[in-house]
Amino acid sequence: MKKTKSARLILPLAAGLLVLPLASCVTIEQAPEEQSSSTAPSIIATVTPSPKDADGTATPSGNVPKETAGGDSFQQSFETILKHATKTKCTGSDTIAENGKTLFLIGDCRDVTITGTGNMIVSNHMKSLDISGTGNIVAVKSVRDVKVSGMGNTVAWRSDDTQVSDTGENNTLGEGSLQGVPLTF
């Protein structure tokens, strides 16, 4: 009889402990209400897993702090993305239509267009950058023209003479725009 009571007490406790680590990794958003009141609103959920070390233990998130040891979140972000990036040679007029790529653009990066989603891109120099995709993170040391018409993009640069056009929504542009941006790989 004691085994049965213990099992009844331990099983709910164990299930609760298994759910607890996942609680901070789940985002639930309610979809916009439908006009028909006969259907229940749908729920859209996403799960963001924690990065893991080689031994399988979870690692902390890669958020870029507002201030680093050197006080330079742009450089820290640039170097963090660079560590994980695939080197890609620019041809002069380049389009990145893929999704979820981490790239280091090298060479003659004159006109770069990003139509993909969720990319992380670093480059030393671009003449122009045009983003119509969504959720991209770009760090470029020097760029003359930045045009963004997509949504939720983050673009940071160091050059003082950059011309900017933002006709999209929820974009963050400028040297300090990488502060606090999550960089998870």
Side-chain angles (χ1 to χ4, degrees), residues 25-32 42-52 59 61-66 72-185:
C25 299
V26 177
T27 305
I28 299 177
E29 298 175 15
Q30 187 170 349
S42 62
I43 295 178
I44 301 169
T46 58
V47 176
T48 306
S50 298
K52 305 244 187 260
T59 60
S61 158
N63 287 354
V64 177
K66 290 189 177 186
D72 189 350
S73 64
F74 175 90
Q75 190 62 34
Q76 182 183 8
S77 299
F78 190 95
E79 290 172 6
T80 300
I81 295 170
L82 185 61
K83 284 180 195 176
H84 300 279
T86 302
K87 288 183 180 178
T88 303
K89 187 169 176 89
C90 290
T91 61
S93 182
D94 299 277
T95 299
I96 299 165
E98 296 87 9
N99 298 324
K101 296 292 183 179
T102 304
L103 304 173
F104 174 36
L105 302 180
I106 56 174
D108 185 18
C109 298
R110 282 181 274 163
D111 302 314
V112 176
T113 302
I114 302 172
T115 60
T117 298
N119 296 295
M120 286 193 247
I121 298 167
V122 293
S123 179
N124 288 318
H125 175 74
M126 294 178 192
K127 180 183 173 193
S128 70
L129 173 63
D130 185 349
I131 302 177
S132 60
T134 302
N136 296 288
I137 298 172
V138 180
V140 60
K141 291 181 180 177
S142 172
V143 60
R144 285 189 207 163
D145 296 305
V146 174
K147 179 181 174 188
V148 183
S149 59
M151 293 176 41
N153 296 290
T154 301
V155 183
W157 59 86
R158 284 273 170 91
S159 47
D160 292 331
D161 59 347
T162 303
Q163 299 296 313
V164 181
S165 170
D166 181 3
T167 58
E169 294 182 32
N170 299 322
N171 296 305
T172 307
L173 310 174
E175 184 175 347
S177 64
L178 291 169
Q179 292 179 355
V181 172
L183 299 176
T184 54
F185 299 96

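On a predicted model such as this, the values are computed, not experimentally measured, just so you know. Basis for what follows: all heavy atoms, side chains included, without hydrogens, waters or symmetry-related copies.
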Set of side-chain contact (heavy atoms from CB on, under 4.5 Å) partners for [X], sequence neighbours left out:
X	result
N171	V148, N153, D166, L173
N170	none
T134	T117, M151

Is there a donor-acceptor pair under 3.5 Å between the side chain of T154 and the backbone N or O of L178?
->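 Between the backbone of L178 and the side chain of T154 there is no qualifying donor-acceptor contact (under 3.5 Å).
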
Say whether, by atom type as modelled, one donor and one acceptor occur between the side chain of S128 and the main chain of D145 under 3.5 angstrom.
->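 Here the side-chain-to-backbone pair does not exist.
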
Salt bridge (Lys or Arg N to Asp or Glu O under 4.0 Å) filter on D108, not counting sequence neighbours, yields R110

Tell me, please, which residues at least two apart from R158 pass salt bridge (Lys or Arg N to Asp or Glu O under 4.0 Å).
->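 Once residues adjacent in sequence are excluded, the partners of R158 under the salt bridge (Lys or Arg N to Asp or Glu O under 4.0 Å) criterion are D72, E175.
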
Within this structure, what is the [atom1]-[atom2] distance for the pair [X] and [Y], rounded to the nearest 0.5 Å?
X	Y	atom1	atom2	result
M120	S77	CE	OG	10.5 Å
L183	F78	CG	CZ	12.5 Å
R144	H125	CZ	NE2	5.5 Å
F104	T88	CZ	OG1	10.0 Å
D130	S165	CG	OG	9.0 Å
K127	C109	NZ	SG	13.0 Å

Is there side-chain contact between N119 and L103, with at least one heavy-atom pair below 4.5 Å?
-> no

Would you find more than 12 non-hydrogen atoms of other residues, nucleotides or ligands less than 6.0 Å from D161 atom CG?
->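 Yes, CG of D161 has more than 12 neighbouring heavy atoms, counting only those of other groups under 6.0 Å.
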
Can you name the closest pair of heavy atoms from [X] and [Y] and give their distance?
X	Y	result
C90	G107	CB-C, 4.4 Å
S177	A156	OG-CB, 3.5 Å
G118	N136	N-OD1, 3.5 Å

Test side-chain contact (heavy atoms from CB on, under 4.5 Å) on L105 and I96 and set out the steps.
-> CA-CA 11 Å; L105 302 180; I96 299 165; 4.1 Å; yes

Applying side-chain hydrogen bond (donor to acceptor under 3.5 Å, both in side chains), which residue pairs with at least one partner in residues 90-104 are found, sequence neighbours left out?
-> T91-D94

